[in-house]
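One structure below.
The chains referred to below are lettered A, B, ... by the order of the sequence lines, with proteins before strands, and numbering in each begins at 1.
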Number of protein chains: 2
Amino acid sequence: MAKLNRSLIADVEIFNGLQDEDLDTVLEPASALRVAKDAAVFEQGGAAERFFLLLDGALRVVQTTREGQQVIARYIAAGSLVGIAPAIGRDTYPASAVAAVDCVLLSWPMSAWPDLTARFPVFAANAYRTVGQRLQETQDRVIELSLAQVEQRVANAVLRLVRQTGRKTEDGIEIDFPVSRQDIADMTGTTLHTVSRLLSAWESQGMVRSGRKRISVTDPHRLMLVSQGAKDA
Amino acid sequence: MAKLNRSLIADVEIFNGLQDEDLDTVLEPASALRVAKDAAVFEQGGAAERFFLLLDGALRVVQTTREGQQVIARYIAAGSLVGIAPAIGRDTYPASAVAAVDCVLLSWPMSAWPDLTARFPVFAANAYRTVGQRLQETQDRVIELSLAQVEQRVANAVLRLVRQTGRKTEDGIEIDFPVSRQDIADMTGTTLHTVSRLLSAWESQGMVRSGRKRISVTDPHRLMLVSQGAKDA
DNA sequence: TTCCGAAATTGCGTTTGCGCAACGTTGCGA
DNA sequence: TCGCAACGTTGCGCAAACGCAATTTCGGAA
């Protein structure tokens, strides 16, 4: 678990400030795992027995209601901690995490948490900052859902995905994993129909190009205007 | 700062598990303050120089956008920590906190945070659990905003307030601080008009009684059905 | 006690976005 | 290569909720 991973995680932000020997200590109780596309890393309501660091790939964090309706809480990009229930005093996972593409993760048993946070304040601070950022983002989403129209919300969601995982292609900047209309709808509290209509409209105006589970933004600036409520662009 | 407050905070949940002498240590750097109704405890964007414990009263936590639209993030009831930016690695307050009624608080300088959390793991754990709960609640609100209709959301908001601060009166259970239609609208992402219409309708059905900045619930069970999307009740 | 302003009510027209349904498309596995 | 299932598109009607405006009610300050 030691040398092999040190390079893998050398530039993972959460380990900034740790010495090499400390890194080894942190990694000692960890194990690596691969998760295939569409497989779950953990399930909502399940006992929180491990926490994770996403090394490569992207995760979709999904919450499902009793009635089976679902909402995408967020996407997790490589380099982030996931499933850190103990940081917030929980012993079950509040959501499910599903691999959006094939993923590589590190995982630790929860039992390692008290020790890690106690011995590495930098690690603890990083973890709590992550929680804080998620609270902030979630709060921002509440504001958006409360005040913005569907068109602005969808534009924003697309822009966020592009910012997080955008990859340059000949069509513009493409979201680097498969995203369906339904996925975007689940992120913005609307229906796949409305998302489809919006994407079609934007495509005809030359702001995006999209296909089956694929979205590229060709004119980010104009889409940004839309996300800010410009009547036209 | 010692004996006087010990009784005040004897049953504050966040201090559970602390010995008396530890309590004194915790309280040593603290100071008490009173905040009059409608005055701010701290302001969004301001430097986070102190954190607070609400001993008595109720706070409204408000976020305001650049365009001046506002959303009520949450109400804080007595016994909760507020303004704990450092717990999540921030140095400015992400929102403003306004006294909904006259309030009594304890406040600590931020500089006390590292010491307190290091010396009193129970305190730290409580603080992080608070953050976790808020993340959870905020997440739940995203789900609600994404999936539920306005009527259900408003019913839910009223029920939440009643649950948090309900006080028995002859009219049923009353929310224990002034809440305007606009406040409810800011909590649910709708307009004061719609809230007014809903409250009127519910009142004519005998589920609530309400007046100027005052709401009582007379039939919580039926209102609960509404909040769960029952067509009628 | 009176008066003023904030809060609340309510009617009406309009818009947004949903729901349904029918139809087209694409890519993968047999 | 074919067939099918998942994904996407689009037209149409409708309901929910907004926005505006006119009016009323209430409570506190002068």
Exercise. Mind checking whether A:Phe52 and A:Tyr93 have parallel, tilted or perpendicular rings, split at 30° and 60°?
Worked result: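 Correct class here is tilted.
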Go through the structure and list residues passing side chain to side chain contact (heavy atoms under 4.5 Å, CB included) with [X], not counting sequence neighbours.
X	answer
A:Glu67	A:Thr65, A:Gln69
A:Ala78	none
B:Asp171	B:Thr169, B:Arg209, B:Arg214, B:Ser216

Euclidean distance, atom [atom1] of residue [X] to atom [atom2] of [N] [Å, nearest integer]:
X	N	atom1	atom2	value
B:Leu192	C:dT9	CG	P	9 Å
B:Gln152	D:dA15	CD	P	17 Å
B:Glu151	D:dC18	CD	C1'	16 Å
A:Leu147	D:dG19	CG	C1'	16 Å
A:Gln69	C:dC18	CD	P	13 Å

Please output the side-chain donor-acceptor pairs of residues 94-101 of chain B that fall under 3.5 Å, not counting sequence neighbours, one pair per line with the distance.
unit_1	atom_1	unit_2	atom_2	d
B:Ser96	OG	B:Glu43	OE1	3.4
B:Ser96	OG	B:Gln44	N	2.7

For this session: State whether B:Ser196 places a side-chain N or O below 4.0 Å from either non-bridging phosphate oxygen (OP1 or OP2) of C:dA7.
Result: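 For B:Ser196, the contact criterion (side-chain N or O under 4.0 Å from OP1 or OP2 of C:dA7) is not met.
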For this session: Give a yes/no on whether any side-chain N or O of B:Ser200 is located under 4.0 angstrom from OP1 or OP2 of C:dA8.
Result: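 False: B:Ser200 side-chain N/O out of range (4.0 Å or more) of C:dA8 OP1/OP2.
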Taking only residues two or more places apart in sequence, or in another chain, which ones meet [X] in a side chain to side chain donor-acceptor pair (under 3.5 Å)?
X	answer
B:Gln149	none
B:Gln164	none
B:Asp219	B:Arg222
A:Thr194	A:Thr191

Problem set entry | Residues in contact with DNA chain C, drawn from residues 176-188 of chain B - heavy-atom cutoff 4.0 Å |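 B:Ser180, B:Arg181 - these, ordered by number, are the residues of the stretch whose heavy atoms sit under 4.0 Å from the strand.
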Exercise. How does protein contact run along nucleotides 19-30 of chain C, one letter per nucleotide 5' to 3', with B for base contact, S for sugar-phosphate only, - for none, heavy atoms under 4.0 Å?
Worked result: BBB---BBS---
For this session: Could you name each residue pair satisfying side-chain hydrogen bond (donor to acceptor under 3.5 Å, both in side chains) that touches residues 71-81 of chain A, not counting sequence neighbours?
Result: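 Residue pairs with at least one partner in residues 71-81 of chain A: A:Arg74-A:Thr138.
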Exercise. In degrees rounded to 10°, what angle is found between the helical axes fit to the five outermost pairs at each end of the helix from C:dT1-D:dA30 to C:dA30-D:dT1?
Worked result: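 Taking five pairs per end, the axes differ by 40°.
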Problem set entry | Pair A:Asp186-A:Gln182, side-chain donor/acceptor within less than 3.5 Å |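 Side chains of A:Asp186 and A:Gln182: pair found under 3.5 Å.
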